[in-house]
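What follows is a set of notes on a single structure, which appears directly below.
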2 protein chains.
Amino acid sequence: MAYQDTFSALGDPTRRHVFEAVSTQPRAVGELAAELPVSRPAVSQHLKVLADAGLVTCRTEGTRRIYAARPEGLAEIRAWLEQYWSDALESFAAEIDEGVRDS
Amino acid sequence: MAYQDTFSALGDPTRRHVFEAVSTQPRAVGELAAELPVSRPAVSQHLKVLADAGLVTCRTEGTRRIYAARPEGLAEIRAWLEQYWSDALESFAAEIDEGVRDS
DNA sequence: TATCTTGGTAAGCCATAACTAACGGTAAGC
DNA sequence: GCTTACCGTTAGTTATGGCTTACCAAGATA
């Protein structure tokens, strides 16, 4: 049920920006803060949330921390989506079948 | 880019519950409020957000409003996910190709 | 070894939004 | 036609969380 964490993590616009930024290319915290309209600590905090949700990984490079997107983190939400999609279509078909004769 | 609205709408846990409830079966506001630990106005507001995001539809039935899930609302996020997925794998492959030296 | 650079953490403030309570409107039933 | 019940909206309060400033830790370089 970790797809919920993914939704919560990606629910914030700033966090989506950070995620998409590191998706384009792995970057250090300072670089991200430089191109985003938020401070470095803010970026760091968002990265922590994303990391907890399994959406990014961290690689130490001297004093720098290079963050990269982790596509696998989207696997759960992807699986849920496909599952839901098929279930919904099924229910929809059943409803049509029964005929929606109001209550 | 409406997948962002979808993420924002589904980012809230309560809203996910409401969405999943109406997914199981179309229901009125009062019924939803009765089985969820939130008040009726709260449910109503959540449904408004979900409706704006195109995730639910409303059908008037006398004085009652029957809300139903709209699977199509997930189409955008689904498309984005597939797009991102393939792009990410591509970038990942390119990165591997260039060789991730160190560590 | 000393200093500088870089990143993470903690505390506090502020904004957004979710929740509750109360009111008004509308349709159904008697 | 009046009463009742249900639904939606609005105002007010509370709480969650995001942003910033300040401080601390770790590593590289001279």
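Remember, it's a predicted structure, so these values are computed and weren't measured experimentally. Chain naming here is simple, since letters A, B, ... match the order of the sequence lines and numbering starts at 1 in each.
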Strictly below 4.0 Å, N to O, side chains only: are A:E61 and A:R59 in salt-bridge contact?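 So A:E61 pairs with A:R59 through a salt bridge.
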Can you tell me how far [atom2] of [N] sits from [atom1] of [X], to the nearest Å?
X     : N      : atom1 : atom2 : result
A:R59 : D:dG27 : CZ    : C1'   : 17 Å
B:L50 : C:dA18 : CG    : C1'   : 14 Å
B:E61 : C:dA28 : CD    : C1'   : 13 Å

Can B:V22 be reached from B:I66 by stepping across I, L, V, M, F, W or Y side chains whose heavy atoms are under 4.5 Å apart?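 B:I66 and B:V22: separate clusters.
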Take the C1' atoms of the five end pairs on each side of the helix from C:dT1-D:dA30 to C:dC30-D:dG1, derive the two axes, and give their angle rounded to 10 degrees.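 The angle, to the nearest 10 degrees, is 20°.
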Locate the shortest heavy-atom distance separating B:R16 from B:L10; write the atom from each residue and the value.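 Closest approach of B:R16 to B:L10: NH1-O, 2.7 Å.
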Considering all heavy atoms of both residues, which atom of B:G11 and which atom of A:S8 are nearest to each other, and what is their separation?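 It is O-OG, 3.6 Å.
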Under a 4.0 Å heavy-atom criterion, the protein footprint on nucleotides 2-19 of chain D, written with B, S and -, is -----BBBB-------SB
Restricting to salt bridge (charged side-chain N to carboxylate O under 4.0 Å, His left out), what partner residues turn up for A:R70, sequence neighbours left out?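 Checked A:R70 against salt bridge (charged side-chain N to carboxylate O under 4.0 Å, His left out); matches are A:E72.
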Mind checking side-chain contact (heavy atoms from CB on, under 4.5 Å) for A:E20 and listing every partner two or more places apart, or none if nothing turns up?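 Checked A:E20 against side-chain contact (heavy atoms from CB on, under 4.5 Å); matches are B:Y3, B:Q4, B:W80.
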With a 3.5 Å cut-off and sequence neighbours excluded, list the donor-acceptor pairs that the side chains of residues 31-57 of chain B form with protein atoms.
residue, atom, partner, partner atom, Å
B:E31, OE1, B:A28, N, 2.9
B:E31, OE2, B:R64, NH2, 3.3
B:S39, OG, B:A42, N, 3.4

Among pairs that include at least one residue of residues 9-33 of chain B, which meet ring pair (Phe, Tyr, Trp, His ring centres under 6.0 Å), considering only residues two or more places apart or in two chains?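 Listed by first then second residue: A:Y84-B:F19.
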